[in-house]
Amino acid sequence: MLSFSSFVVFRPLLNTTISYTLPLPQSFKLSVSMARSALDELSESGAFARTASTFRNFVSRDTNSDFPVESGRYHLYISYACPWASRCLAYLKIKGLDKAISFTSVKPIWERTKEGDEHMGWVFPASDAEQPGAEPDPFNGAKSIRDLYELASANYNGKYTVPVLWDKKLKTVVNNESSEIIRMFNTDFNDIAENPELDLYPPHLRAKIDEVNEWIYDAINNGVYKCGFARKQGPYEEAVTKLYEALDKCEEILDKQRYICGDTLSEADIRLFVTLIRFDEVYAVHFKCNKKLLREYPNLFNYTKDIFQIPGISSTVNMEHIKRHYYGSHPTVNPFGIIPSGPDIDYSSPHDRERFSR
């Protein structure tokens with residue numbers, strides 16, 4: 001049985017009072033198979049255990065497929081706060097697909113997704129003016145991402161996550177797994193992309209990219225969540241040790257080459273970047289990843305600025321949304337929703353990575 005503790009938090013940023021029902025740590029044994037948000041994904045050992053995405057269809061160049069490539073047919077639902085969604089938006093921008101595939105961002109702070117239900121998740125604003133950077137759902141009138149999942153599948157039982165690649169014609173979710181969405185954007189949409197020549201998963205680097213993705217995902221991308229959502233000291237210490245071993249490894253690699261897989265920008269760089277750009281602003285404080293700041297790694301810090309300054313990438317980084325989400329949506333981690341004022345890093349400042357191009 002679950003035991004719950006309820007309290008009320010007043011959030012000045014929202015000018016609203018929100019009642020939370022939180023599981024007591026000593027009796028919290030919710031199965032990860034029942035998870036409806038990242039806050040639920042905990043094993044009995046107190047470790048964070050992310051569950052898999054559920055919609056795994058693919059857009060294809062085959063005109064007879066269920067989801068053929070068509071300009072204007074697909075829509076990407078994102079949150080600027082979510083690193084998984086942000087890497088899809090980064091692909092949309094740098095591949096030049098933002099005219100063929102539209103996108104909408106939800107509000108940064110989780111709210112109730114349905115009356116009479118305790119679930120907190122991604123919601124759309126009521127108007128464009130409510131939250132700069134967020135927009136109402138333009139196609140289905142959905143109030144939340146949850147509404148989209150339930151529109152796509154009446155019997156859906158899982159997390160209501162972003163990103164969501166949506167088929168406007170069939171009114172359904174095509175895919176909600178970011179690693180697969182970026183592969184589709186990289187290759188399958190080339191006929192309607194403005195930058196089809198950009199290949200972030202080239203054949204000669206695929207084995208290397210796959211190998212790098214594996215340890216970066218486990219230790220860094222997902223590793224910061226393992227640190228932040230751990231409920232016991234042991235799992236936290238294990239995760240934070242692996243995190244900093246991996247960051248040290250990245251620092252060493254980037255001392256010898258411009259990008260993480262060599263001299264060419266690749267998928268692995270985009271996947272690493274979305275975590276690094278959030279590190280000092282959020283993860284160091286909120287997720288207790290404070291052993292060493294990103295700014296204390298010369299190569300990693302300049303590398304992050306280098307990626308940020310690629311045309312199109314900076315528009316995918318909305319630090320206000322990022323900070324408001326993390327500090328305002330995880331009451332078990334930050335009960336009063338207070339957002340730290342700094343450090344306000346200027347990622348558009350000069351970096352030294354051009355030295356590898358000489």
Side-chain angles (χ1 to χ4, degrees), residues 50 78 80-95 163 177-183 185-186 198-202 205-228 239-240 242-284 287 289 291-317 319 322 326 345 347 351-353 356:
R50 190 180 298 277
I78 63 129
Y80 284 107
C82 172
W84 323 112
S86 292
R87 66 191 189 186
C88 294
L89 183 59
Y91 266 71
L92 206 67
K93 295 291 187 176
I94 63 178
K95 286 290 294 185
E177 170 50 55
S178 64
S179 64
E180 294 173 353
I181 294 173
I182 61 175
R183 293 276 173 92
F185 287 175
N186 183 64
L198 176 64
D199 187 356
L200 296 171
Y201 192 58
L205 277 181
R206 287 179 183 176
K208 180 66 173 177
I209 291 170
D210 290 344
E211 181 253 323
V212 169
N213 280 346
E214 185 174 355
W215 61 263
I216 283 180
Y217 171 79
D218 180 58
I220 299 177
N221 298 141
N222 204 36
V224 293
Y225 286 85
K226 292 178 185 178
C227 295
V240 81
K242 287 183 65 175
L243 168 65
Y244 279 96
E245 287 175 349
L247 290 173
D248 290 344
K249 182 176 180 178
C250 288
E251 178 72 5
E252 183 178 348
I253 291 171
L254 293 170
D255 190 49
K256 301 177 179 66
Q257 58 197 43
R258 185 164 186 172
Y259 302 109
I260 201 66
C261 288
D263 298 326
T264 305
L265 179 75
S266 75
E267 172 186 296
D269 296 299
I270 303 301
R271 289 172 54 128
L272 176 57
F273 168 79
V274 294
T275 297
L276 298 182
I277 197 71
R278 291 160 171 77
F279 200 90
D280 285 7
E281 298 277 5
V282 173
Y283 301 142
F287 281 173
C289 303
K291 182 178 179 181
K292 192 173 181 179
L293 298 175
L294 181 71
R295 287 166 287 168
E296 297 178 77
Y297 288 99
N299 295 315
L300 270 171
F301 185 44
N302 281 291
Y303 165 84
T304 303
K305 291 192 286 185
D306 190 12
I307 305 299
F308 179 83
Q309 293 171 33
I310 294 171
I313 293 294
S314 63
S315 68
T316 72
V317 180
M319 197 56 70
I322 290 169
Y326 282 96
I345 301 165
Y347 288 99
H351 59 78
D352 65 355
R353 304 303 290 170
F356 294 107

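Because the structure is predicted, anything quoted here is derived from the model rather than measured.
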- Message: I'd like to know whether Tyr91 forms a side-chain contact (heavy atoms from CB on, under 4.5 Å) with Ile181, so could you lay out the CA-CA distance, the side-chain angles of the two residues, the decisive distance to 0.1 Å, and finally the verdict.
- Response: CA-CA 9 Å; Tyr91 266 71; Ile181 294 173; over 6 Å; no

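- Within the 4.5 Å cutoff, the side chain of Trp215 has heavy atoms near those of the Lys249 side chain.
- Between Phe273 and Thr304, the shortest heavy-atom distance links the atoms CE1-O, 3.5 Å.
- Atoms CD1 and CG, from Ile270 and Leu265 in turn, are 5.0 Å apart once rounded to the nearest 0.5 Å.
- With rounding to the nearest 0.5 Å, the separation of OH in Tyr201 from CG in Asn186 is 10.0 Å.
- When all heavy atoms of Ala219 and Lys242 are compared, the closest pair comes out as CB-O, 3.7 Å.
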- Task: Applying side-chain contact (heavy atoms from CB on, under 4.5 Å), run through Asp218 and Glu214 and close with a yes or a no.
- Result: CA-CA 6 Å; Asp218 180 58; Glu214 185 174 355; 6.0 Å; no

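- Rounding to the nearest 0.5 Å places CG of Leu294 at 6.0 Å from CG of Leu300.
- Residues Gln257 and Gly262 approach most closely at NE2-N, 3.0 Å, considering heavy atoms.
- Taking CZ of Arg271 as the start and CD1 of Ile216 as the end, the distance is 8.5 Å to the nearest 0.5 Å.
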If you look only at distance, which donor and acceptor atoms sit under 3.5 Å apart when one is on a side chain in residues 310-317 and the other is two or more places apart or in another chain?
residue	atom	partner	partner atom	Å
Ser315	OG	Gly312	O	2.7
Thr316	OG1	Ile313	O	2.6

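- By the 4.5 Å heavy-atom criterion applied to side chains, Leu200 and Ile94 are counted as neighbours.
- Between Tyr347 and Phe301, the ring planes lie perpendicular to each other; the angle is over 60°, past the 30° to 60° tilted range.
- Counting heavy atoms from C-beta on, the side chains of Asn299 and Arg353 come closer than 4.5 Å.
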- Query: What do the steps show when you test Glu281 against Ile322 for side-chain contact (heavy atoms from CB on, under 4.5 Å), and what is the final call?
  - Reply: CA-CA 9 Å; Glu281 298 277 5; Ile322 290 169; 5.7 Å; no

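- Residue Met319 holds its CE atom at 7.0 Å from CD1 of Ile345, rounded to the nearest 0.5 Å.
- With a 4.5 Å cut-off on side-chain heavy atoms, Cys250 and Ile220 count as touching.
- When all heavy atoms are compared, the tightest approach of Ile182 to Glu267 is CD1-CG, 3.8 Å.
- Side-chain atoms of Asp255 never come within 3.5 Å of backbone atoms of Glu252 as a donor-acceptor pair (strictly under, hydrogens ignored).
- The two atoms that bring Glu296 and Pro298 nearest to each other are O-CD, 3.3 Å, heavy atoms only.
- Under the 4.5 Å side-chain criterion, counting only non-hydrogen atoms from C-beta, Val224 is in contact with Phe279.
- Centroid-to-centroid, the aromatic rings of Phe287 and Tyr326 come within less than 6.0 Å.
- Separation of atoms OH (Tyr283) and OH (Tyr225) is listed at 4.0 Å; rounding is to 0.5 Å.
- The shortest distance between side-chain heavy atoms of Ile307 and Leu272 does not fall below 4.5 Å.
- Within the 3.5 Å criterion, the main-chain N or O of Cys289 finds a donor-acceptor partner in the side chain of Tyr244.
- The aromatic rings of Trp84 and Tyr217 sit tilted, their planes meeting at an angle between 30° and 60°.
- Smallest separation of non-hydrogen atoms from Arg87 and Ser178: NH2-OG, 2.8 Å.
- Under a 4.0 Å N-O distance rule, the pair Lys208/Glu211 qualifies as a salt bridge.
- Checked against Arg258 for a side-chain hydrogen bond (donor to acceptor under 3.5 Å, both in side chains), the options Asp306, Asp263, Thr264 give a single hit: Asp306.
- In this structure, Val212 and Ile209 have side chains that are not in contact, with every pair of non-hydrogen atoms separated by 4.5 Å or more.
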- Task: Give the intermediate values and the outcome of side-chain contact (heavy atoms from CB on, under 4.5 Å) for residues Leu276 and Leu247.
- Result: CA-CA 10 Å; Leu276 298 182; Leu247 290 173; 4.1 Å; yes

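- Checked by atom type and distance alone, the side chain of Asp280 never pairs as donor or acceptor with a backbone atom of Leu293 at under 3.5 Å.
- Both tests hold for Lys292 against Tyr297: distance to the six-membered ring centre under 6.0 Å, angle to the ring axis within 45°.
- Between the side chain of Arg278 and the backbone N or O of Val274, at least one donor-acceptor pair lies under 3.5 Å.
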